[in-house]
J.: 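Just dropping this structure here.
All figures in this text were calculated on a predicted structure; none of them were measured in a lab.
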There are 2 protein chains.
Amino acid sequence: MTNTAGYGQFCPVAMAAEVLCTRWTLLVLRELLAGSTRFNEIRRGVPRMSPALLSKRLRELEALGVVARAADGTGQPSGYALTEAGRDLMPVVSTMGAWGQRWLKSQLSLSNLDPALLMWDMRRSLNPTPLPPRRVTIEFTYPEVRAASRCWWLVVEDAETDLCAVNPGFDVDLYVTGDLRTMTAIWMGLTTVRAAVAQQLLTLTGDRVVADCMQRWLGLSPFAGEARRIAD
Amino acid sequence: MTNTAGYGQFCPVAMAAEVLCTRWTLLVLRELLAGSTRFNEIRRGVPRMSPALLSKRLRELEALGVVARAADGTGQPSGYALTEAGRDLMPVVSTMGAWGQRWLKSQLSLSNLDPALLMWDMRRSLNPTPLPPRRVTIEFTYPEVRAASRCWWLVVEDAETDLCAVNPGFDVDLYVTGDLRTMTAIWMGLTTVRAAVAQQLLTLTGDRVVADCMQRWLGLSPFAGEARRIAD
DNA sequence: CAGTATCCGATGCGATACTG
DNA sequence: CAGTATCGCATCGGATACTG
């Protein structure tokens with residue numbers, strides 16, 4: 001019986017595609033490459049993936065030698081880490097992302113909005129350097145989104161950023177209001193804070209200092225710098 | 001109803017994976033990037049893919065703006081070509097292949113032997129330069145392979161290489177005999193002609209001049225130069 | 001040569017619930 | 001928190017045959 005899975009080709013592209021191009025796999029790798037290590041941390045990056053499938057994929061990647069479970073002696077779960085082979089997948093993931101950023105219609109991306117995902121990504125890439133050296137709280141509101149996901153808080157303190165989905169109760173330094181599409185476009189590098197404010201798609205209220213450097217503290221998508229080569 | 005296909009993520013990696021990581025797609029792109037343009041030419045590179053699916057994939061890639069049908073005015077079929085977006089997929093395919101070459105166990109590749117595929121690849125990458133400036137015919141024999149795929153001929157003339165599965169009848173300059181595994185390993189850069197001959201895994205009979213430069217006229221896999229980083 | 005049409009089967013994966 | 005267990009369906013794609 002000829003192997004019905006698999007391509008039956010010795011070519012390295014075929015071999016690699018066989019193991020990497022299964023559903024969700026590349027996105028799990030993206031999360032690991034971005035630094036996630038715990039099961040539920042990875043899950044936040046792939047919220048539509050069922051835990052069963054995530055578990056399966058992680059075991060597959062482990063069998064492949066791409067992921068290793070951090071063994072800490074005790075029996076308790078200790079997270080996942082990329083092996084050297086896994087870290088070497090960075091060029092694969094980033095080349096694919098860069099191509100997507102260059103050539104895929106932005107309306108495609110912008111039809112897949114997700115506030116939790118966006119905020120989670122923003123938390124990860126936020127750059128505290130331009131912010132005043134104290135605790136800074138920024139409240140994001142997406143008026144059109146259902147109540148449960150409408151408001152988010154980023155709390156920056158001691159160069160650490162926390163994301164809250166419920167009001168942490170701190171004084172808010174900056175209120176950011178605009179639709180999710182606009183905020184996502186900014187994060188993807190498709191527009192800028194300045195342009196969005198000028199078009200009245202985004203409203204910044206509160207501390208002028210924090211507002212004025214938003215484009216800098218707001219770390220963007222890793223692919224935001226990729227020059228787009230398709231019109232839309 | 002939430003889109004059950006698709007990842008529901010705006011991330012460019014997700015968008016790209018959605019369209020590129022479907023079965024056979026990357027291999028079809030590999031063929032196009034390698035220069036194939038006609039339907040049946042592509043098919044030779046993906047022999048286990050059904051024509052129906054190949055046709056479907058080509059139409060999907062066309063809709064994506066990655067492939068364009070060469071329009072030659074007349075109604076007759078005129079082949080497929082990559083657009084600029086398609087040519088820009090080269091880094092994606094080659095990064096993935098390079099990773100596979102570096103990190104996947106060679107026994108994995110070498111369990112997917114296919115004489116037709118190997119010969120087709122060899123035909124494509126053969127380098128006529130070191131060969132004498134006349135017609136050169138090389139006969140390959142894989143003794144362990146079933147009769148129908150056992151013997152192959154590469155005919156090099158005027159810097160063009162033809163592959164024959166039936167004896168073309170020319171005088172043979174060089175007879176190459178060895179098992180398919182050995183020849184595939186050489187083509188993938190896992191061993192060399194010299195080493196295989198020394199181990200008596202490969203036998204070269206005929207014109208010494210042609211035999212002695214085999215390692216050079218035999219163009220290797222595009223990934224043969226990639227240093228392997230896994231032991232096996 | 002360059003594909004289409006049709007059918008059907010395996011299985012991948014989504015959904016949900018549950019456990020240490 | 002960190003997964004496992006189970007179920008069932010949709011759909012992807014393989015096989016085969018056919019057409020302009």
Side-chain angles (χ1 to χ4, degrees), chain A residues 1-9 14 17-28 31-32 36-63 67-72 74-81 112 114 120 165, chain B residues 1-9 14 17-28 31-32 36-63 67-72 74-81 112 114 120 165:
Chain A
M1 194 79 344
T2 63
N3 186 10
T4 169
Y7 295 119
Q9 299 197 182
E18 215 165 286
V19 295
L20 300 178
C21 290
T22 51
R23 190 154 166 77
W24 291 109
T25 301
L26 234 38
L27 299 195
V28 171
E31 291 306 305
L32 288 164
S36 294
T37 61
R38 319 294 304 207
F39 191 83
N40 284 334
E41 199 181 357
I42 299 169
R43 278 197 78 180
R44 294 193 72 161
V46 285
R48 318 257 284 244
M49 183 181 194
S50 81
L53 188 53
L54 173 54
S55 172
K56 184 181 175 204
R57 287 287 181 265
L58 286 168
R59 276 182 277 116
E60 290 167 355
L61 291 172
E62 196 182 351
V67 159
R69 313 214 44 164
D72 65 348
T74 83
Q76 59 213 358
S78 47
Y80 301 87
N112 283 136
D114 181 329
W120 181 245
Chain B
M1 198 73 343
T2 64
N3 186 9
T4 172
Y7 296 119
Q9 300 197 181
E18 215 166 285
V19 295
L20 301 178
C21 290
T22 52
R23 190 156 165 79
W24 292 109
T25 302
L26 235 36
L27 300 193
V28 171
E31 291 307 304
L32 289 163
S36 293
T37 60
R38 318 295 302 208
F39 191 84
N40 283 334
E41 199 181 357
I42 299 169
R43 278 197 77 181
R44 294 193 73 162
V46 286
R48 319 256 283 243
M49 184 182 193
S50 82
L53 188 53
L54 174 55
S55 172
K56 184 182 175 202
R57 287 287 181 266
L58 286 168
R59 275 181 278 116
E60 288 166 356
L61 291 171
E62 194 181 354
V67 159
R69 314 215 41 165
D72 67 346
T74 83
Q76 60 214 357
S78 46
Y80 301 88
N112 284 134
D114 182 328
W120 181 244

J.: Measure from CG on B:L54 to C1' on C:dA5 and round the result to the nearest Å.
T.: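 Taking atom C1' of C:dA5 as the reference, CG of B:L54 is at 16 Å.
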J.: Can you tell me if the side-chain N/O atoms of B:R59 get under 4.0 Å from OP1 or OP2 in C:dT4?
T.: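 Yes, such a contact exists.
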J.: Let me know the distance between CZ of B:R38 and P of C:dG3, rounded to the nearest Å.
T.: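 Distance check: B:R38 CZ to C:dG3 P gives 8 Å.
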J.: Considering residues at least two apart in sequence or located in another chain, which fulfil the side-chain hydrogen bond (donor to acceptor under 3.5 Å, both in side chains) criterion with A:R44?
T.: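 Listed in chain order: nothing, the list is empty.
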J.: Restricting to side-chain hydrogen bond (donor to acceptor under 3.5 Å, both in side chains), what partner residues turn up for B:R59, sequence neighbours left out?
T.: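 Only B:S55 meet the side-chain hydrogen bond (donor to acceptor under 3.5 Å, both in side chains) criterion with B:R59.
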J.: What is the distance, to the nearest angstrom, from the CG atom on B:L58 to the C1' atom on C:dC1?
T.: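 Taking atom C1' of C:dC1 as the reference, CG of B:L58 is at 15 Å.
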J.: To the side chain of A:L53, which of C:dG3, D:dG3, C:dC13 is closest?
T.: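 Ranking C:dG3, D:dG3, C:dC13 by closest atom to the A:L53 side chain puts C:dC13 first.
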J.: With sugar-phosphate meaning primed atoms plus P, OP1 and OP2, does B:R43 contact a base, only sugar-phosphate, or nothing at under 4.0 Å between heavy atoms?
T.: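 Nothing, no nucleic acid heavy atom in range.
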J.: Can you name the nearest heavy-atom pair linking B:L54 to B:R43, along with the distance?
T.: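 Answer, listing the atom of B:L54 first, then B:R43: CD2-CG, 3.5 Å.
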J.: For DNA chain C, produce a single dot-bracket line, 5' to 3'. Pairs: Watson-Crick or G-U wobble, both distances under 3.5 Å. Symbols: ( ) within strand, [ ] crossing, | other strand, . unpaired.
T.: ||||||||||||||||||||
J.: Between A:W24 and C:dG12, does any side-chain N or O lie under 4.0 Å from OP1 or OP2?
T.: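 No.
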J.: Below the 4.0 Å mark, does C:dG14 have OP1 or OP2 next to a side-chain nitrogen or oxygen of A:R23?
T.: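 Answer is yes, contact under 4.0 Å.
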J.: Output the rounded distance in Å from CD (B:E60) to C1' (D:dC12).
T.: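 To the nearest whole Å, that distance equals 11 Å.
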J.: Do the side-chain N or O atoms of A:S50 get closer than 4.0 angstrom to the phosphate oxygens (OP1, OP2) of C:dC13?
T.: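 The answer is no; no side-chain N or O of A:S50 sits under 4.0 Å from OP1 or OP2.
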